[in-house]
Undergrad: 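This is the structure I have questions about; it appears just below.
Reckoned from all heavy atoms, side chains included, excluding hydrogens, waters and symmetry mates. We name chains A, B, ... by the order of the sequence lines, and we start the count at 1 in each one. For clarity, every value in this text was computed on a predicted model and none was experimentally measured.
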Number of protein chains: 2
Amino acid sequence: MVHGRAADAAQIDQVRRFNRTVTERVGVLHDHYLGRDRPIGEARLLWEIGERGQDVRRLRERLGLDSGYVSRLLRSLEAEGLVSVEPQPRDRRVRTARLTAAGRAERAVLDGRSNELAGSLLAPLNAAQRDRLVAAMAEVDRLLTAATVTLDAVDPDHPDARHCLRSYSAELQKRFETGFDAALSLLPDPGELRPPHGLFLVARLHGEPVGCAGLKLPPGAPAEIKRMWVAPHARRLGLGRRFLAELEERAARHGRDVLRLDTNKALDAALGLYRSFGFQEVAAFNDEPYAHHWFEKRITGPLQE
Amino acid sequence: MVHGRAADAAQIDQVRRFNRTVTERVGVLHDHYLGRDRPIGEARLLWEIGERGQDVRRLRERLGLDSGYVSRLLRSLEAEGLVSVEPQPRDRRVRTARLTAAGRAERAVLDGRSNELAGSLLAPLNAAQRDRLVAAMAEVDRLLTAATVTLDAVDPDHPDARHCLRSYSAELQKRFETGFDAALSLLPDPGELRPPHGLFLVARLHGEPVGCAGLKLPPGAPAEIKRMWVAPHARRLGLGRRFLAELEERAARHGRDVLRLDTNKALDAALGLYRSFGFQEVAAFNDEPYAHHWFEKRITGPLQE
DNA sequence: CCCATTCTCTGACTAAAGTCAGAGAATGGT
DNA sequence: ACCATTCTCTGACTTTAGTCAGAGAATGGG
């Protein structure tokens, strides 16, 4: 990964101090408030089921727990009358857990305690300190979230890839003045975005696909970025830049020394990103009907001895 | 407490999001790294014993564990040859745990893993994001630490109070051009800083005294702040301001409408604090030989219906 | 319709984490 | 010298938090 250079010692140190303070302060209080009369396993489950219910397999996935264990926890919550579990109508192997009225009440209690906990962290501070703490927390939150996003090369037919591509088309449809009709656009045919003539990256946050980017590697020609998209709720995490860096590195690894792309004028954030990432605007190199701008960047090949 | 007003809902919300992200990301990784081949109870203990050893009772206190449990953990570490436990010479009921050479090596392994953990949080980020994350972490760390400091009224003869007063004198001795001789200064006699004619506050961080401030409440005269001091490692946490706010409130509660103090020109940070807290410089109201500045603040009495 | 797969559940375990009630050695104050 | 207190330890527990192997129902593709 192009970003994966080692952090320096002072940074490591500060992160460790942070971890210590936070696990002490937040961790201790967390258990104190949440686990007051119920094992935290159950409390977490109750929380994760949520107001609208959840499939058992999603619960397992979200909490990272063994299927037998989750099943047992659900039995215990059922016995307390807090939860009911029923087969999903569409696929009767899957079962859906829902909160009963009592379960909802119990969840509200947990909710209240979480608020108490949050309040107790802020309480000893004055208004100015609070503002600064909350702002710094938002920043940490945002950047740690950014750091949990994974980038993987997948086949463009993978369900996560298809999901992103559908969202991509839907968004263009909404944002382009003229709408967007995939049939009119210069779509790379599927083979162009899979090895050996290309690749397709999917970004995932907690397992959910939240962005994609394709790279065409036509033999003997510049590499070309296609269909880069980031889900609205995953924006402002530096994901676009991370895609570009990753694609640039991969293009270089495949021996290309030029990376290019085309884009529509409606995508103003993307235009800014390309420029700040070192792309230069060039003359049209294709006749994509939806493009208004064409960009190119000279990249360094893989290091040689 | 004067700072203890309720935080607003948006702040509470952000704190909760933060707690969630951090416990997921830091918590999970923490256990993953530290508990790799050893129960985390033992790992924490090994860590807490430290290079120089620790009394068993301090360990219990720091980790908040049952005495039987700690004893058992120590037995297990002893059996592995990582720790030796011996009676303290001064009080043979108390026992001190020390790391053996093997224990020190094991602790170094844990240390390395903590570094890995910290590194793994930063690894997916680019340099700019890292800088911002580390800065935000430092801010959170600092403010959460500030929030764990407690302020309590104690008798000026309490060991914690005496500790602070000794440190206070030692610091003045070092910082005043002329040195500081307590015998020449207008020392409030002990009775003046305990009820009903005064009070004495001690600030504590993790049980350690880290600051103090006295308030004289002479009958029918303005309240007067004396001997305010914050330990060097607890500075920049807004503690001075917190002392002032607390003393102001207590003075008001005792019906005073003027708060005053004198100070030496060498204490520049304190001078700035007093001014920014609303104190006005006034003519000398006493003949303290070490004072160069006298300040006064008009305060509001307790609310009346 | 058959068969491989998916999903949840149960039974049978294990390890970690902790609690509780004393026992026995040291200590400090009187 | 005596006694209450402090400190650590041991034995006997419990609860929490899992893991693992397989059984049985439902589904989907051929």
Undergrad: Does any residue of residues 68-81 of chain B have a heavy atom under 4.0 Å from DNA chain C, and if so, which ones, in number order?
TA: B/Tyr69, B/Arg72
Undergrad: Just the rounded figure in Å: distance from C1' of C/dT8 to CG of A/Leu45.
TA: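 To the nearest whole Å, that distance equals 14 Å.
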Undergrad: Whole angstrom is fine here: how far is it from CD in B/Gln88 over to C1' in C/dT27?
TA: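 One finds 13 Å between C1' of C/dT27 and CD of B/Gln88, rounded.
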Undergrad: Is the distance from OP1 or OP2 of D/dC7 to the nearest side-chain N or O of B/Arg95 less than 4.0 Å?
TA: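 So the side-chain polar atoms of B/Arg95 never come under 4.0 Å of the phosphate oxygens OP1 or OP2 of D/dC7.
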Undergrad: Rounding to an integer number of Å, can you tell me how far B/Leu65 CG sits from D/dC9 P?
TA: 14 Å
Undergrad: Do any pairs count as a salt bridge (charged side-chain N to carboxylate O under 4.0 Å, His left out) and have a residue in residues 68-77 of chain A, sequence neighbours left out, and if so which ones?
TA: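 Residue pairs passing salt bridge (charged side-chain N to carboxylate O under 4.0 Å, His left out), neighbours aside: A/Arg75-A/Glu78.
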Undergrad: Can you tell me whether the side chain of B/Ser67 and the base of D/dC9 have a donor-acceptor pair closer than 3.5 Å?
TA: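 Such a pair is found, so the answer is yes.
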Undergrad: Does some side-chain heavy atom of B/Leu133 sit less than 4.5 Å from a side-chain heavy atom of B/Leu125?
TA: yes
Undergrad: Please determine if B/Arg107 and B/Glu51 form a salt bridge, counting it only when a charged side-chain N lies under 4.0 Å from a carboxylate O.
TA: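 A salt bridge links B/Arg107 with B/Glu51.
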Undergrad: Side-chain contact test, heavy atoms from C-beta onward, threshold under 4.5 Å: evaluate it for A/Arg58 versus A/Asp55 and give yes or no.
TA: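 A/Arg58 vs A/Asp55: side chains touch.
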Undergrad: For D/dA23, which nucleotide in any strand shown is its Watson-Crick or wobble partner with both distances under 3.5 Å?
TA: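 Here D/dA23 is engaged in a pair, and the nucleotide opposite it is C/dT8.
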Undergrad: Apply side chain to side chain contact (heavy atoms under 4.5 Å, CB included) to the pair B/Arg44 and B/Leu65, showing each step before the final yes or no.
TA: CA-CA 11 Å; B/Arg44 287 210 298 158; B/Leu65 299 175; 4.2 Å; yes
Undergrad: At under 4.0 Å, does any side-chain N or O of A/Arg60 touch on OP1 or OP2 of C/dT8?
TA: yes
Undergrad: Please identify each residue that fulfils side chain to side chain donor-acceptor pair (under 3.5 Å) with A/Ser67, with sequence neighbours left out.
TA: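 Expected list: none.
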